[in-house]
Amino acid sequence: MSSLQILPASAACPADIDDMLRRSCARLLCADFPPDLLRAVLPVLGRARPELLSAAEYFVAVRAGRVVGAGGWSRETPFGRPGVAGLGHIRHVAVCPDHQRQGIGRALFGRIEATGQAAGVRSFLCLSTRNAVRFYGAMGFTAQGEVELHLGPGVYFPAVQMKREM
């Protein structure tokens, strides 16, 4: 298997990142959510936010020239509210389903953690899908409770608020 590179998202084609996110969300969420909800949330969850793609704190995992994962952090909340000193928000982390359980998520989180610590982050918050709770738990996060994300008119998606102290 070829080596894995963790690069700034700006080094990858946005369409490649979107393709990986769509495939990941479609396959990994289909077992837990009804098809009508998935049709409503995939246009939001399966597309990288432009402000993340240009941020120095958002990364892609590349193997053999192909984007196999992405993720990062921001000071601002996922809803665009200003950040708080010492707090980072984990943003849009996903790994291609065909490449899961190969250390890609852990490698992405390693870069997220290192850049966060260098920027003075003392704790991270994360809005996790239900099926990603176990991954974030393995990264040292604890569940704070369930929340419902408003993703558009009449579109609500269940998630789990998680936190990790550094």
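This is a predicted model, so every value here is computed, not measured.
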With no hydrogens and no angle check, is any side-chain donor or acceptor of [X] less than 3.5 Å from a backbone partner on [Y]?
X: Arg49; Y: Pro78; result: yes
X: His92; Y: Leu45; result: yes
X: Asp16; Y: Val67; result: no

Could you tell me which non-hydrogen atom of [X] sits nearest to which non-hydrogen atom of [Y], and how far apart they are?
X: Val160; Y: Ala143; answer: CG1-CB, 3.9 Å
X: Met162; Y: Ser128; answer: SD-CB, 3.8 Å
X: Leu53; Y: Ala48; answer: CD2-CB, 3.6 Å
X: Ala12; Y: Ile17; answer: CB-CD1, 4.1 Å
X: Ala107; Y: Ile6; answer: CB-CD1, 4.0 Å
X: Val95; Y: Gly105; answer: CG2-N, 3.8 Å

Fill in: Test side chain to side chain contact (heavy atoms under 4.5 Å, CB included) applied to Gln161 and Leu127, step by step
CA-CA 5 Å; Gln161 175 79 51; Leu127 293 169; 3.3 Å; yes
Item to complete: Examine the side chains of Arg122 and Gln117 and answer whether a donor and an acceptor come within less than 3.5 Å of each other.
Response: no
Please report the interatomic distance [atom1]([X]) to [atom2]([Y]), rounded to the nearest 0.5 Å.
X: Met20; Y: Arg66; atom1: CE; atom2: CZ; result: 10.0 Å
X: Thr129; Y: Phe135; atom1: OG1; atom2: CZ; result: 10.5 Å
X: Met139; Y: Ile112; atom1: CE; atom2: CD1; result: 10.5 Å
X: Asp19; Y: Cys13; atom1: CG; atom2: SG; result: 9.5 Å
X: Ile90; Y: Tyr136; atom1: CD1; atom2: OH; result: 6.5 Å
X: Arg164; Y: Cys126; atom1: CZ; atom2: SG; result: 11.5 Å

Fill in: Ionic contact status for Arg111 with Glu113, cut-off 4.0 Å
no
Item to complete: Salt-bridge test for Arg91 and Glu57: reply yes if a basic N is under 4.0 Å from a carboxylate O, no otherwise.
Response: no
Worksheet entry | Gln144: side-chain hydrogen bond (donor to acceptor under 3.5 Å, both in side chains) partners, not counting sequence neighbours | Thr142
Worksheet item: When you look at Phe124 and Lys163, which way does the side chain to side chain contact (heavy atoms under 4.5 Å, CB included) test go after all the steps?
Response: CA-CA 6 Å; Phe124 278 118; Lys163 185 174 186 177; over 6 Å; no
Item to complete: Walk me through it: do Trp73 and Val121 pass the test side chain to side chain contact (heavy atoms under 4.5 Å, CB included)?
Response: CA-CA 10 Å; Trp73 70 277; Val121 171; 3.6 Å; yes
Do the non-hydrogen side-chain atoms of [X] and [Y] ever get within less than 4.5 Å of each other?
X: Val155; Y: Val41; value: yes
X: Pro97; Y: Ser24; value: yes
X: Asp98; Y: Val68; value: no
X: Leu125; Y: Leu87; value: yes
X: Arg63; Y: His99; value: yes
X: Leu42; Y: Val44; value: no

Worksheet item: What do the steps show when you test Phe59 against Thr115 for side chain to side chain contact (heavy atoms under 4.5 Å, CB included), and what is the final call?
Response: CA-CA 11 Å; Phe59 308 98; Thr115 58; 3.7 Å; yes
Discussion item. In this structure, would Tyr58 and Leu7 fall into the same cluster of hydrophobic residues linked by side-chain contacts under 4.5 Å?
Written reply: yes
Discussion item. Please determine whether residues Leu52 and Leu21 belong to a single hydrophobic cluster, defined as Ile, Leu, Val, Met, Phe, Trp and Tyr linked transitively by side-chain heavy-atom distances below 4.5 Å.
Written reply: yes
Worksheet item: Going by the angle between their ring planes, with limits at 30° and 60°, are Phe33 and Phe157 parallel, tilted or perpendicular?
Response: tilted
Worksheet item: Should we count CZ of Arg47 as having more than 12 external heavy atoms under 6.0 Å?
Response: no
